[in-house]
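Following: one structure in structure tokens, then a few remarks.
Letters go in sequence order (proteins before strands), and every chain restarts at 1. The structure displayed is predicted, hence computed values, not measured ones.
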2 protein chains.
Amino acid sequence: MFLVRKTKQRDAIQQVFEEAERPLSPDEVRAEADKLFPGIGIATIYRNLKSLVETGHLKVVEIPGAAALYEVSGLAHHHHFQCDDCEKVYDIPGCPGNLDHMTPPGFQVSSHSITLFGTCPDCKE
Amino acid sequence: MFLVRKTKQRDAIQQVFEEAERPLSPDEVRAEADKLFPGIGIATIYRNLKSLVETGHLKVVEIPGAAALYEVSGLAHHHHFQCDDCEKVYDIPGCPGNLDHMTPPGFQVSSHSITLFGTCPDCKE
DNA sequence: ATGGGTGCAAATTGTTTGCATTTTA
DNA sequence: TAAAATGCAAACAATTTGCACCCAT
């Protein structure tokens, strides 16, 4: 990918993320983008997700035991919650902060990932 | 799987875990088990891993962005470290403890997962 | 008109499953 | 010797890639 050109499909995908309120899977992105650009192919979704991550527009959200999700970058440092029931993933603010006391001697930490699991408000009845 | 019978292959797989000092991938298990029982098939590895998890002998270790690993169960609550370089995963003791302050109102937390990323001692030169 | 982008289908990777055969109890 | 376990290969699901064609610049 040398130069990144503007296309209807790419615009549609970016717009999907601007309107999303939680991290989305490639299939969810496809379903939403298809409303804006009917017939968009799944390979196009994957290719654009990858290039949007490379250009810094999106970030990959990795949840343990699940396929990758994507969200707009530029949000403050935060973590995620996955509902045990509906499996949707939500952004949650906050961070326990310094995890140095968990770092064993000889190891050097560059980043961390925290995911909470449980029941989301929608599924809590 | 009704009754679980003892087989040479299953014994080999269990022995691999008794000697492992970190979580292993199915392929690593196969490589080690193959030394104890040459020719063991990958399907047998997967089937036994699944049943050993069901019987409580093993636990699945899910690292964000990586395929599932397995380790013996019965260890104290702990978390994991993945090396950015060699990608090996290590157990690390400790836990920041109460993460309630990260739980947004309306959500109910049942468990959490913490993974530290960085450089392991082996790769630190 | 040229080089990047798209859609489709084939290829990959990690994991599971169907089935004929072997092994355990 | 009946039921469970194995090995192999085919089936799957998620993601990537090759290629002919299309569309921005």
Side-chain angles (χ1 to χ4, degrees), chain A residues 1-17 23-71 82 87-89, chain B residues 1-17 23-71 82 87-89:
Chain A
M1 223 155 269
F2 297 61
L3 196 156
V4 177
R5 286 181 179 163
K6 194 175 169 62
T7 63
K8 308 279 178 57
Q9 293 89 336
R10 189 178 178 88
D11 283 347
I13 293 170
Q14 293 212 59
Q15 195 180 326
V16 165
F17 280 102
L24 302 175
S25 68
D27 275 353
E28 287 173 318
V29 175
R30 196 242 266 261
E32 290 304 309
D34 190 76
K35 296 175 185 167
L36 302 171
F37 194 90
I40 189 168
I42 190 64
T44 298
I45 301 294
Y46 278 103
R47 276 187 286 237
N48 276 292
L49 287 177
K50 176 175 284 194
S51 94
L52 286 166
V53 168
E54 285 167 0
T55 58
H57 292 89
L58 296 181
K59 281 189 65 175
V60 181
V61 175
E62 313 266 29
I63 299 296
L69 305 177
Y70 298 82
E71 69 181 3
Q82 182 177 43
E87 303 192 325
K88 283 202 299 284
V89 170
Chain B
M1 222 158 271
F2 296 61
L3 194 155
V4 177
R5 286 177 177 168
K6 196 174 169 60
T7 63
K8 307 279 178 58
Q9 292 90 336
R10 188 178 178 88
D11 283 347
I13 293 170
Q14 292 212 59
Q15 196 180 325
V16 165
F17 280 102
L24 302 175
S25 68
D27 275 353
E28 288 173 318
V29 175
R30 196 243 265 260
E32 290 305 309
D34 190 75
K35 296 175 186 169
L36 303 172
F37 195 90
I40 189 168
I42 190 64
T44 298
I45 301 293
Y46 278 104
R47 278 187 285 236
N48 276 292
L49 287 177
K50 175 175 284 192
S51 94
L52 286 166
V53 168
E54 284 167 359
T55 59
H57 292 88
L58 296 181
K59 282 189 65 175
V60 181
V61 175
E62 313 265 29
I63 299 297
L69 305 177
Y70 298 82
E71 68 180 3
Q82 181 177 44
E87 302 192 325
K88 284 202 299 284
V89 171

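What separates CD1 of Ile40(A) from P of dG5(C) is a distance of 14 Å, to the nearest Å. Whole-Å rounding puts the Arg10(B) CZ to dT23(C) C1' distance at 15 Å. In this entry the distance linking CG of Leu49(A) with C1' of dG5(C) reads 15 Å, nearest Å. Rounded to whole Å, atom P of dT6(C) lies 10 Å from atom CG of Asp11(A). What separates CG of Asn48(A) from C1' of dG7(C) is a distance of 13 Å, to the nearest Å.
In this structure Asp27(B) satisfies the side-chain contact (heavy atoms from CB on, under 4.5 Å) test together with Ser25(B), Ile42(B), sequence neighbours excluded. With sequence neighbours excluded, the residues that form a side-chain contact (heavy atoms from CB on, under 4.5 Å) with Leu36(B) are Ala12(B), Gln15(B), Val16(B). Partners of Val60(A) according to the side-chain contact (heavy atoms from CB on, under 4.5 Å) rule, which considers only residues two or more places apart in sequence or in another chain, are Val53(A), Glu62(A), Ala68(A), Tyr70(A). With sequence neighbours excluded, no residue satisfies side-chain contact (heavy atoms from CB on, under 4.5 Å) with Ala67(A).
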Item to complete: Take nucleotides 12-25 of chain D nucleotide by nucleotide from the 5' end and write B, S or -, depending on whether a protein heavy atom sits under 4.0 Å from the base, only from the sugar-phosphate, or from neither.
Response: --SSBBB-----B-

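Applying the side chain to side chain contact (heavy atoms under 4.5 Å, CB included) test between Arg10(B) and each of Gln14(B), Lys8(B), Lys6(B) identifies Gln14(B) as the sole match.
Residue pairs meeting the side-chain hydrogen bond (donor to acceptor under 3.5 Å, both in side chains) criterion with at least one partner in residues 34-44 of chain A, sequence neighbours excluded, are Glu32(A)-Lys35(A).
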